[in-house]
Structure formats: C-alpha cells, structure tokens
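Take a look at the structure set out below.
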Amino acid sequence: MLESLSALRTFGTAVARDVAPEIGAGGGAGRLLSSIKVSPGAELPTLASNQVLVHECGVGHTLQTWSHAMDGVTAVTRGKPPTLGLPEGITRDAAGVLRDAEGRVSNGMPRDPLWHQKASIMEIDTRAFRDANGDGHGDFSGITEKLDHVESLGVDAIWIKPHYPSGGKDGGYDITDFKAVDPRFGSMADFESFVAESHKRGIRVITELVANHTSIKHPWFGEDLALLQKTRATGGEAAVQRLVDDNATKYVWNFSTTKEQGPPKLFEDTRVIFQDFEPSNWTWNDDAKGWYWHRFFKEQPDLNYDNPAIRKEMEGVLDFWADKGVDGFRLDAVPYLFEREGTWAHNGLPFQGENLDETHQFLKDLRSSMESKYSDRIFLGEANMPKRETLEYFGGDGVGGGVNDEVHLGFGFVNMPARWRSHWDRDKTHIANAILETRDLPDGAAWANFIRNHDELTLEKIAKEFDDRVPEGERERLWSLFRDGSPAHGIRPDPEAPINLGLKLRAADAVGHHDDPALNKAAQRMHLAMLLSEGGSPVLYQGDEIGLTKAHGLFDRDGLRTPMVWDDTVNGGFSAAHPDRVREMGVPVHDAKEAARLVSVAAQEADPTSVLNRTRELLSVRKSIPELQTGRPDVLETGHQSVLAIERATKDSTVVAVTNLSPERVTSTVDLSRYGGRQAEHLFSTDGTKVEGALPTEVELEPYGVRWFRIGADGIAEPVAASAGGSGTAGAEQASHAVRDGVLSFGGGAAVGAGGAALLGRGQSAD
C-alpha cells in the first residue's frame with residue numbers, strides 16, 4: 001500500500017503501525033499487527049509496505065487527523081513536516097497574549113473567518129458525557145478523556161451546554177454565576193485544559209451565552225429584592241414605581257396588581273413557552289410585594305435589557321470566556337430579550353414581545369463589540385421563529401440579503417420539522433419547500449441544521465398560523481403517529497411521546513421501524529445524509545451517532561438527556577459510581593431493563609455497518625466535498641414523490657445528492673437537462689453502486705438509499721479535491737486518490753487505530 005519511506009522526522013510522538021492487507025483493498029475494518037513508538041523529533045525506521053505513520057497525540061494547528069473505520073488511510077510525510085508553532089498571521093505580544101494581524105485576541109487557531117460555514121458540530125451535555133472522577137456527574141476531564149471519540153467522528157466543533165453554576169431547575173440554563181465553572185464539572189483549569197486539548201486536535205469550542213434570564217438564586221435577584229425593599233421603606237410605593245420606570249432594576253417587575261388580583265395585564269398576549277408547567281409569564285414574589293417576568297420556568301426570571309447595566313454585564317461575560325479561547329457562543333432564547341406592548345401588528349406574529357427591533361440592535365452591538373476585540377469568534381443563534389422572522393436574526397435586510405451583522409449561524413428550526421414530515425410522509429415536498437424558502441442568506445451566514453437537539457422534537461411551527469399550507473390538525477396527526485403507534489411506519493405506541501408542542505423522541509426513535517433493526521439503521525443514515533446534503537452546518541447531539549434511544553418515565557425532557565453509552569459496564573461506562581449516586585447527582589438515566597438493551601460505542605466500533613461507523617463515513621465524505629459545505633442549494637425534479645434531489649453548487653462545481661425517503665426500492669428520473677453533455681463523478685452511495693461517465697437520467701435507489709455525485713465540466717469529470725482541512729476521501733466506495741495544493745489524499749480503506757491520526761502527505765505518491 002505504501003512504498004518504503006525513510007528519514008521521516010516527526011514533530012510529536014508517533015507510531016509506525018503494520019496494517020492488515022485488506023485495508024489497502026478498501027474493505028473491512030482493518031486490524032493493527034504491530035507498532036513501533038518513536039520519540040518526538042527522532043527519525044523513523046524504514047516503513048514496510050504494510051505500515052502507515054499514525055500521529056498519536058493530536059496534530060496541533062497544522063494537520064487534519066483521522067482514525068476511524070470507513071475513512072481511508074490518509075498518507076504520510078516525506079522529508080521535513082510542517083513545524084509546530086503559531087498559525088500564520090498570529091503573534092504573541094509582550095504580555096503573552098496571542099493576537100492576529102489586526103491586533104485582536106486570537107485563540108491560536110488558524111485564521112478562518114468562515115470556519116462556521118464548513119464546520120460539522122457535535123452538541124455535548126457535559127454532565128452526561130463522561131464522569132472522569134467517579135462522583136456520578138460528568139465533567140470536563142471526562143470530555144477531554146473522550147476527545148479521541150469526538151475526533152474520530154470528524155466533527156470540527158463541540159457545542160457544550162451551560163457549564164456555569166446553576167440552581168438545578170432547567171438542566172443548567174438557570175445560571176447563578178456567569179463567570180465560573182460549576183464545581184460538578186471540575187475546575188476552571190479543567191475547562192481551560194478541555195479547550196486547549198480540543199484546539200490541538202483542530203476542534204473548536206462553542207459555549208452557551210444564556211442572556212435572557214438567570215436563576216432566581218443568582219445574586220442579582222437578591223440585589224433587586226434588597227433594592228426594592230429598601231426603596232419601599234424609605235420612599236414608599238411611588239419610589240418603587242420610579243425604579244421600574246427608570247429601568248433601574250436588573251429584572252422586569254410590575255406592581256400594578258396585588259397577589260389577590262392576579263397577574264398584570266401587561267404583555268398578556270405573549271405566549272407562555274412552558275405551558276405544561278407555568279400558567280403565566282408573571283410570578284408573585286412576597287419579598288418584593290410585586291410580580292416578576294419570566295419566559296420559561298418561574299425559577300428563571302428574565303433580565304431587564306432596558307437597563308444599560310445589564311447589556312454591559314453580558315458584554316463582559318462574553319469577553320471573559322473569549323479570553324479563555326472559546327470560539328463561539330450559542331445565544332440561548334435570543335428573541336425574548338426585550339418586552340413591549342402592542343407589538344403584534346409590528347412583527348406580524350400571533351403573539352407579542354418577540355423579534356423586536358431593540359433585540360436586533362442589541363445583537364448588532366454585541367457582535368460589533370466582539371469582532372472589534374477577538375478574531376474568528378462566532379454567534380450561533382437560537383431563534384425558533386417563522387421563516388421570515390428567523391432570517392432577520394442574520395441581520396442584513398432581514399429577507400436573506402445584505403450584510404451579516406447579527407448571528408453567524410442560525411438554528412434551522414424551519415428545516416428540522418420539515419425534514420421529519422417528509423420522512424414520515426415519504427414525501428419530499430415539505431423539506432424541498434423549506435430548502436428553497438430558506439436558502440438565501442447574507443454572505444458569511446449559514447444555517448446550523450440539526451436532526452434533533454437536547455430538547456423535544458419541536459412541532460411548534462407546524463400550524464396554519466405560521467404556514468397556510470399546513471392542514472388543520474396536522475400537529476395532532478403527527479402526535480398520534482407516536483402516541484397511538486403506526487404499523488405502517490413500524491412505530492410502537494408511546495403515550496408519553498407528545499410533550500409541550502413537540503415529540504419526546506431521539507433520532508433513533510423518530511425514524512420508526514422499531515420492529516426492523518436493519519431498516520431503522522438505514523433510515524437513520526438516510527436522515528443524516530439528507531441533513532448533510534441540504535445545506536448549512538450540521539449539528540449532531542451526543543448519542544445520536546450510535547443510535548441511542550430515549551429513556552421512558554423521566555421528567556419533562558430528561559428522557560432525551562441521558563448519559564452517553566460507551567460500553568456494557570456499569571452506567572454504560574459513563575461513570576464508575578453506583579447508579580443511585582448518578583441519579584442523586586441529577587443525571588437522568590435509563591432504568592435497568594432499558595439500559596441492558598442500549599447500544600454502545602464499544603459494541604459498534606468493530607461493525608462497519610453500525611450507526612457509529614456510518615455516521616463517521618458520512619461526515620468524512622462531507623468533509624471532502626466543498627460543495628456540501630458552502631454550495632448554494634437547489635431542488636431538482638425527480639418525478640417521484642419520495643425521491644429528493646438536491647443540487648449544491650459553488651462557482652466552480654456542482655454536486656447532486658439523491659435521497660430515497662421510502663422504505664421501498666424505487667427508480668426515479670433526475671432532471672439534469674441543464675447539464676447536457678457533461679460527465680458524472682461518483683462520490684458516495686449507500687449500496688456501493690457507482691455513477692460514472694454520462695450523467696444519469698434514471699437512478700435506482702435501495703430502501704432509504706442515497707447517491708451523491710459531482711457534475712463535471714465540458715464532458716470531463718472533475719477530480720476529487722480535498723477541502724482545506726478536509727479528509728481527502730470521497731467515501732468508502734472510492735479507491736482513487738487526488739492531489740490538491742500538494743496534499744495527497746486516499747479514498748477507500750478502513751481503520752488505522754482508535755485514537756490515531758494520520759499525517760497528511762505532501763505531494764508524494766504512495767500507491
């Protein structure tokens with residue numbers, strides 16, 4: 001497979017490994033036969049034809065790493081490899097701070113202002129990922145321990161849920177200190193080590209900026225109570241009202257009614273988000289002798305953004321974590337920062353107080369402040385709005401054009417339920433419409449599209465009030481699929497599935513075929529492939545890469561937030577603590593009967609057809625196809641209701657992704673008339689069938705089958721080109737290699753060792 005190479009000098013600990021011959025043929029998971037450890041800076045002995053150089057300890061800032069099945073063996077370095085040091089354009093000032101050419105604070109990552117457009121992102125719940133110290137609660141040392149797994153998936157960024165001390169009400173979103181680490185997660189040093197180790201592997205870190213509210217246990221709430229009590233004692237009710245009128249409080253208060261009279265009428269048309277638990281957005285406080293405002297649980301009072309001091313505080317919180325190297329901030333509940341009366345006519349929504357001009361201006365100001373101080377940091381916005389209103393959070397002209405001056409990434413709350421409806425109905429119409437209606441964004445912006453996150457699978461916008469095309473009773477119909485079961489979809493009855501305005505399901509539950517494991521796995525892969533092909537940066541939630549299912553009988557959404565399952569030991573390898581201790585620490589877990597049936601990382605590692613290895617495969621292929629990262633999406637006609645064809649075009653090339661939404665084998669046409677006379681280059685298919693030569697006008701697809709191919713120019717298929725930092729593979733089925741910018745990449749192949757990372761070649765042939 002590789003010619004003998006000598007005089008190879010490494011810049012870190014490396015291992016020369018013998019690899020089973022079948023790897024070179026592109027099949028099997030591969031097996032390691034022996035290894036030779038080499039010290040940093042030493043010369044390697046001559047490599048035999050069945051050996052590859054694997055870098056064991058991460059790659060710093062200069063090289064991409066690969067270590068997993070279905071990935072292809074990715075090259076070696078001849079001669080002197082790149083030196084390990086600061087990325088180009090980054091320097092260290094006299095105080096030791098890294099800065100870019102503009103003088104802004106850098107986190108030491110290579111300069112790439114558009115990294116968010118190309119990234120695939122994994123959401124990690126720190127409390128439920130890995131417990132390193134055995135106390136029953138996940139921690140940052142645990143994530144750091146498992147970075148090999150994260151890296152093996154090929155993701156480019158980790159998004160962690162809130163890591164701050166909290167009041168324990170809402171999974172960490174009720175914060176008591178914005179500038180500290182919850183002791184259950186470890187120390188600040190543990191957090192900093194996690195960020196540094198992630199960066200060494202080329203993985204960026206996104207944390208939560210929960211700007212809308214705090215915990216009722218936050219010191220600020222106590223300060224407000226003390227201020228109100230003191231003011232009332234010295235100046236009476238009139239003085240208290242002046243505090244409110246002058247926006248001198250940190251939270252939103254109202255004193256227009258008594259406790260007996262009930263909540264104020266102010267903002268009464270604003271929706272109650274947690275309507276299963278809260279009767280009103282106003283809650284009475286005996287100490288204040290008044291009402292405070294909250295969008296979520298009553299234990300989460302909203303901050304008063306009409307108070308300039310609060311806006312300044314949030315800017316300081318951002319600076320604190322950006323100084324620690326954080327690459328991005330997920331802006332939680334961002335539409336709800338301000339409150340106003342009479343806003344229905346202003347924003348066209350069926351409720352008040354969302355999508356306000358004041359909110360957008362604050363986001364613009366916050367982004368401007370961040371970008372003036374820090375390089376390559378981004379905002380990931382959570383704005384679960386209708387299509388038009390969601391687009392406004394990117395900034396610009398609010399309809400997809402202009403300058404991107406608010407969030408860089410916005411969650412695809414429009415595409416997510418549309419994708420599931422298309423899957424359940426076996427009808428491409430829903431997702432096709434969503435893609436076409438959300439594809440035009442300001443330059444630099446992108447969607448963060450997700451299969452499902454840590455919340456319920458929301459169906460809130462599946463209603464006629466948001467989309468005239470939605471039939472009456474559509475949300476109820478979707479609820480009934482899972483509440484009552486559907487033999488046609490292989491769905492067993494699950495009375496607890498409907499929750500809030502969505503479904504309490506993980507991805508493996510939602511795809512159906514609970515009675516057919518093979519179809520269930522095929523449907524999971526299809527869903528991920530559809531996500532990767534439709535545009536935007538894909539976001540995966542921990543456990544979905546192995547097909548983890550939900551837990552039954554747990555409070556609210558806790559059944560969707562159970563620990564990662566690593567193996568078949570106690571607590572699935574999440575923690576060495578007794579399961580009762582894990583529960584005492586507030587980590588939701590499956591009951592013993594369910595836990596015995598759970599899938600695990602260890603069980604799936606050796607199976608090339610597992611959900612884990614199929615997820616790795618798809619993410620690897622996407623990384624090698626620039627069009628799937630930044631290409632503008634379009635939808636092509638197929639003449640078949642259940643066959644979706646998405647075109648992703650850049651100025652240089654075009655990829656077409658064809659997806660069968662049906663559990664039946666289908667044959668469909670694809671309208672490629674605009675590309676008459678051109679050739680096709682195979683990139684990926686789920687059944688191993690290649691599309692080569694003339695463009696196909698008819699495509700046969702297996703149940704939940706997928707095919708991706710590139711359209712060549714002027715009758716010549718374009719060569720595979722690895723994107724910057726990409727894997728250089730074009731799927732497990734492709735056995736060719738290509739050179740771009742002096743970097744050699746190999747397709748085909750299999751695992752070269754867990755935790756390993758291949759060094760990229762530099763323009764050298766190694767057949």
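Counting from 1, the numbers follow the sequence of the chain as shown.
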By the salt bridge (charged side-chain N to carboxylate O under 4.0 Å, His left out) test, which pairs, at least two apart or in different chains, include something from [range]?
| range | result |
| --- | --- |
| residues 165-180 | Asp170-Arg557 |
| residues 211-221 | none |
| residues 249-260 | Glu223-Lys250, Lys259-Asp286 |

(request) Given side-chain hydrogen bond (donor to acceptor under 3.5 Å, both in side chains), test Tyr251 with Thr214 step by step and report yes or no. (result) CA-CA 10 Å; Tyr251 299 87; Thr214 71; 2.8 Å; yes

(message) To the closest 0.5 Å, what do you measure between CZ (Arg367) and CG (Leu331)?
(response)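 One finds 11.0 Å between CZ of Arg367 and CG of Leu331.
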
Listed partners of [X] passing side-chain contact (heavy atoms from CB on, under 4.5 Å), at least two apart:
| X | answer |
| --- | --- |
| Glu315 | Lys312, Asp319, Leu366, Ser369, Lys373 |
| Asp190 | Phe140, Ser141, Ser187 |
| Asp376 | Arg111, Pro113, Trp115, Arg204 |
| Lys230 | none |

(message) Taking atom NZ as the centre, does Lys289 end up with more than 12 heavy-atom neighbours from other residues, nucleotides or ligands that are less than 6.0 angstrom away?
(response)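 Atom NZ in Lys289 is not crowded, with 12 or fewer foreign heavy atoms closer than 6.0 Å.
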
(message) Please check if the number of heavy atoms outside Lys265 that lie under 6.0 Å from its NZ is greater than 12.
(response)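 Counting neighbours around NZ of Lys265, 12 or fewer heavy atoms of other residues, nucleotides or ligands fall under 6.0 Å, so no.
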
[X] side chain near [Y] side chain, heavy-atom distance below 4.5 Å:
| X | Y | result |
| --- | --- | --- |
| Pro335 | Met385 | yes |
| Thr562 | Leu554 | yes |
| Phe555 | Pro588 | no |

(message) Working note: His552 + Glu496, criterion side-chain hydrogen bond (donor to acceptor under 3.5 Å, both in side chains); need CA distance, chi angles, decisive distance, verdict.
(response) CA-CA 8 Å; His552 291 81; Glu496 71 170 26; 4.5 Å; no

Side chain [X], main chain [Y], donor-acceptor under 3.5 Å:
| X | Y | value |
| --- | --- | --- |
| Ser198 | Phe194 | yes |
| Gln117 | Ala445 | yes |
| Ser120 | Pro538 | no |
| Lys298 | Glu278 | no |
| Asn404 | Phe394 | yes |
| Arg311 | Tyr305 | yes |
| Asp306 | Asn247 | no |
| Asp556 | Asp558 | no |

(request) Test Gln361 against Asp357 for side-chain hydrogen bond (donor to acceptor under 3.5 Å, both in side chains), laying out the working first. (result) CA-CA 6 Å; Gln361 188 58 55; Asp357 292 342; over 6 Å; no

(message) Asp125: which residues meet the salt bridge (charged side-chain N to carboxylate O under 4.0 Å, His left out) condition with it, sequence neighbours left out?
(response)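 For Asp125, the residues satisfying salt bridge (charged side-chain N to carboxylate O under 4.0 Å, His left out) (neighbours in sequence not counted) are Arg127, Lys161.
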
Non-neighbouring partners of [X] that pass ring-ring contact (aromatic ring centres under 6.0 Å, His included), sequence neighbours left out:
| X | answer |
| --- | --- |
| Phe297 | Phe274, Phe277 |
| Trp293 | Phe267, Trp282 |
| Trp159 | Phe411, His454 |
| Trp479 | none |

(message) If only side-chain N and O atoms count, and only distance matters, is there a donor-acceptor pair under 3.5 Å linking Tyr374 with Asn107?
(response)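 Result is no, nothing qualifies.
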
(message) Checking side-chain polar atoms at under 3.5 Å, does Trp253 have a donor or acceptor matched by the opposite partner on Asp224?
(response) yes

[Y]/[X] salt bridge by N-O under 4.0 Å criterion:
| X | Y | answer |
| --- | --- | --- |
| Asp544 | Arg506 | yes |
| Asp246 | Arg242 | no |
| Glu123 | Arg330 | no |

(message) Ring-plane angle category for Tyr164 and Phe178, please: parallel below 30°, perpendicular beyond 60°, tilted otherwise.
(response) perpendicular

(request) Specify whether His163 and Phe191 have parallel, tilted or perpendicular ring planes, treating 30° as the upper limit for parallel and 60° as the lower limit for perpendicular. (result) parallel

